[in-house]
Amino acid sequence: MKRKGSEILADELALNGTDIVYHVPGESFLCALDALAVRHPGIRAVGCRHENGAAQMAEAYGKLTGRPGVAFVTRSPGATNAVNGVHTAYQDSSPMILIVGQVKRALMEREAFMSYDFRTMFAPTAKWVAQIDDAARIPEFVQRAYQTAMTGRMGPVVLVVPEDVLEEEASVPSGKRSVPAHAGTPAAEDVETIFSLLAQAERPLLIVGGSGWTEAARDDIQAFAAASNVPVVTTFRRRDIIDHRLPCYVGEIGIGSNPALLAHIRDADFVIMCNDALSDVNTIGAGYMEGFTLFSIPVPKQKFVHVTNNFAELNRVFQVDLALLADNGAFCRALAAHAPVAHAARDGWTAKLRETFEAETRPGPCPGSIDLPQVMKWLRERLPEDAIVTNGVGAYATWSQRYFAHYRLHTQLGPISGSMGYSLPAAISAKLVHPERVVVDFVGDGCFQMSSEELITAVQYGANVIVVLFNNNMYGTIRIHEENRLEGRVNGTQLVNPDFYALAKAYGAHAERVTTTEEFAPAFERALAAGRPALIELTVDQEAIHSRYSLTDLRNRRKAKG
């Protein structure tokens with residue numbers, strides 16, 4: 001039976017389990033949206049207000065579910081607006097498929113209206129970019145797109161489809177649901193080597209991160225760490241991999257890490273890096289962004305095992321003792337199944353690191369009339385364990401990063417890529433995927449204004465997220481750089497903001513403004529009971545610029561340096 005290219009595409013997406021597609025409507029793919037609506041009405045098409053929002057929602061879907069999030073955008077400028085979301089998916093290792101509507105084939109290479117060579121444009125930011133020029137090959141390309149997005153280090157794929165390919169008919173059988181290929185099981189002798197090194201270690205450390213974690217893999221890695229009493233650190237914005245209540249959990253590395261924890265890591269004599277790259281963010285040794293300094297280059301002084309399902313990451317910067325290509329689930333299973341090693345000699349090591357973590361997360365002083373550590377503490381006690389928390393990028397995120405605890409897997413969504421404007425689209429996506437769960441978005445005033453238009457998307461589709469907006473009228477992170485590097489001279493970081501309370505009301509959301517600590521709890525309860533998206537604006541003192549220091553502290557440090 002002949003089918004239009006749009007129908008073939010819709011059928012292949014349905015075959016691969018797609019249940020939501022995010023988009024901003026464009027003439028180049030309207031027939032694809034129509035085919036989805038007619039042939040697969042169970043697939044929700046969520047119309048966003050900006051292509052960046054659509055792409056970031058798809059990225060968050062992939063991060064949360066382990067299956068590619070799907071977004072449709074029209075040709076440039078729709079596609080160019082979506083680049084940021086593709087970059088986030090690439091750096092965060094999130095499975096995602098972006099489908100770009102292109103001009104008709106007869107107009108290619110003529111600089112047609114809104115046309116561009118998207119294969120060239122997206123090539124550095126995606127695992128694979130391809131243009132489908134024959135409707136009969138759509139099943140082949142979609143199958144490969146899913147395989148590429150989910151296999152090895154997960155990431156984004158971009159499929160470009162000319163408008164007339166979606167309109168032409170072809171007779172072609174359907175593909176089959178894609179099942180990702182796996183890197184395999186670690187060899188028995190490699191597992192024995194790891195446990196031999198662990199038995200000799202006095203100060204071991206397990207670092208876990210990356211994407212694609214399952215509940216089984218998490219249970220296995222926690223069981224291993226507990227049985228052999230190995231302290232566990234999570235990589236940047238992967239804090240939900242380990243239950244923070246476990247005595248073996250000792251904190252997070254990356255931007256804004258606890259300096260005391262970093263000092264302990266330098267003293268470790270054996271490190272296992274599990275399921276993540278030894279990237280600059282994961283090897284920040286001091287300061288704000290001093291990457292590749294936590295371990296010695298090219299050979300770390302510690303005995304070092306690096307396990308990942310991505311061959312290209314092994315021995316790329318750091319030459320380790322054992323570079324192991326293995327599926328994360330299989331590796332964690334092998335560790336949990338092995339008999340634990342004696343650990344009495346290092347019990348004090350684990351306890352010391354845990355004490356460092358507990359001191360780090362104990363609420364401390366906070367300038368201004370809103371005590372942000374206490375707000376985080378109250379939220380952690382009030383929210384259910386499976387509540388999903390999102391954050392964007394900015395110094396404001398250090399308050400939740402330091403003081404909000406995670407107990408369950410897939411409860412944190414944050415951009416490792418450093419993408420502002422991420423947290424609201426991510427929260428909306430999370431609420432659409434899990435409408436039964438509470439979703440809270442931590443966002444700064446600058447970060448919020450890079451995707452604030454998506455609040456009406458939340459209203460339209462009943463994604464009842466709660467936005468907790470930290471408003472200090474500045475780009476806080478860049479202000480920190482100004483204080484440190486420009487002797488406090490301010491160039492563009494002060495913000496004149498809209499009335500966020502009125503803006504939320506205009507969008508049809510519930511709105512609250514909080515000026516003191518005592519006002520927060522009742523405001524949050526009202527937001528939770530509102531039955532619609534809600535925004536709680538926190539009027540944060542500029543002195544509370546970071547969870548580790550105030551604005552005055554920064555200036556005093558600069559003066560002390562002369």
Side-chain angles (χ1 to χ4, degrees), residues 205 207 222 225-226 229 231-268 284 286-288 347-385 387 389 391 394-408 411-412 414 440 442 468 470 472 476 480 514 516-521 524 538 540-541 543-554 556-557:
L205 186 74
I207 304 175
Q222 291 183 158
N229 200 16
V232 188
V233 170
T234 49
T235 59
F236 187 53
R237 291 184 172 151
R238 306 289 192 184
R239 298 167 67 239
D240 57 343
I241 294 174
I242 302 293
D243 187 336
H244 291 198
R245 295 168 294 193
L246 295 178
C248 61
Y249 180 69
V250 298
E252 174 190 32
I253 55 174
I255 300 171
S257 294
N258 179 7
L261 173 62
L262 297 179
H264 288 315
I265 294 174
R266 290 191 195 91
D267 289 337
I284 291 174
Y288 179 70
D347 287 353
W349 163 253
T350 303
K352 180 167 64 173
L353 267 66
R354 179 67 184 185
E355 288 169 7
T356 298
F357 170 71
E358 291 176 349
E360 163 79 350
T361 54
R362 195 173 297 124
C366 178
S369 59
I370 301 178
D371 190 327
L372 295 173
Q374 290 299 332
V375 166
M376 292 300 147
K377 182 176 182 292
W378 183 88
L379 273 174
R380 177 62 280 171
E381 294 172 352
R382 172 64 181 85
L383 292 175
E385 290 187 9
V389 171
N391 65 268
Y396 73 88
T398 64
W399 295 103
S400 59
Q401 182 175 321
R402 181 173 180 180
Y403 293 113
F404 188 86
H406 291 269
Y407 304 145
R408 299 272 295 274
T411 57
Q412 180 184 27
V440 178
F442 295 131
V468 178
F470 295 65
N472 61 1
I480 291 170
V514 169
T516 67
T517 308
E518 294 71 25
E519 292 173 354
F520 181 77
F524 188 86
L538 307 182
V540 176
D541 194 305
E543 279 293 304
I545 194 170
H546 194 281
S547 69
R548 298 195 187 282
Y549 43 76
S550 67
L551 200 54
T552 297
D553 290 336
L554 282 175
N556 289 340
R557 288 181 195 174

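Only heavy atoms go into these numbers, but all of them, side chains included; no hydrogens, no water, no symmetry mates. Values in this document were obtained by computation on a predicted structure and should not be read as measured data.
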Check for a donor-acceptor pair, side chain of [X] on one end and backbone N or O of [Y] on the other, with a separation under 3.5 Å.
X    : Y    : result
R237 : Q412 : no
Q401 : R239 : no
D553 : S550 : yes
T350 : D347 : no
D240 : H406 : no
R380 : A405 : yes
Y249 : G251 : yes
T234 : I207 : no
S547 : R402 : no
H546 : G256 : no

Calculate, to the nearest 0.5 Å, the distance between atoms [atom1] and [atom2] belonging to [X] and [Y] respectively.
X    : Y    : atom1 : atom2 : answer
E355 : H264 : CD    : NE2   : 8.5 Å
I480 : T398 : CD1   : OG1   : 7.0 Å
R382 : F520 : CZ    : CZ    : 10.5 Å

How about [X] and [Y]: do any of their side-chain heavy atoms sit closer than 4.5 Å?
X    : Y    : answer
L372 : F470 : yes
R548 : P259 : yes
F404 : V440 : no
V232 : L246 : no
I370 : D541 : no
W399 : C366 : yes
Q222 : D243 : yes
V468 : L538 : yes

For residues [X] and [Y], report the shortest heavy-atom separation together with the two atoms involved.
X    : Y    : answer
A397 : N391 : CB-ND2, 4.1 Å
Y403 : P363 : CE2-CA, 3.8 Å
L262 : A286 : CD1-N, 4.3 Å
P231 : W349 : CG-NE1, 3.4 Å
A544 : P367 : CB-O, 3.8 Å
A395 : G476 : CB-C, 4.1 Å

Subject >> Steps toward side-chain contact (heavy atoms from CB on, under 4.5 Å) verdict (L205, L353) >> reply: CA-CA 10 Å; L205 186 74; L353 267 66; 4.0 Å; yes

**OP:** Report yes if the distance between the aromatic ring centroids of F524 and W378 is under 6.0 Å, otherwise no.
**Re:**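 Between W378 and F524, which both carry aromatic rings, the centre distance is below 6.0 Å.
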
Original post:
When you look at E358 and R362, which way does the salt bridge (charged side-chain N to carboxylate O under 4.0 Å, His left out) test go after all the steps?
Top reply: CA-CA 6 Å; E358 291 176 349; R362 195 173 297 124; 5.0 Å; no

**OP:** Step by step, work out the side-chain contact (heavy atoms from CB on, under 4.5 Å) result for L261 and E360.
**Re:** CA-CA 9 Å; L261 173 62; E360 163 79 350; over 6 Å; no

Original post:
Below 4.0 angstrom, N of the basic side chain to O of the carboxylate: do E381 and K377 qualify?
Top reply: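 K377 and E381: salt-bridged.
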
Subject >> side-chain contact (heavy atoms from CB on, under 4.5 Å) between Y396 and N472, intermediate numbers included >> reply: CA-CA 9 Å; Y396 73 88; N472 61 1; over 6 Å; no

Subject >> Within 45° cone of Y407 ring axis and under 6.0 Å: R245 NZ or CZ >> reply: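 The answer is yes, since R245 meets both limits relative to Y407.
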
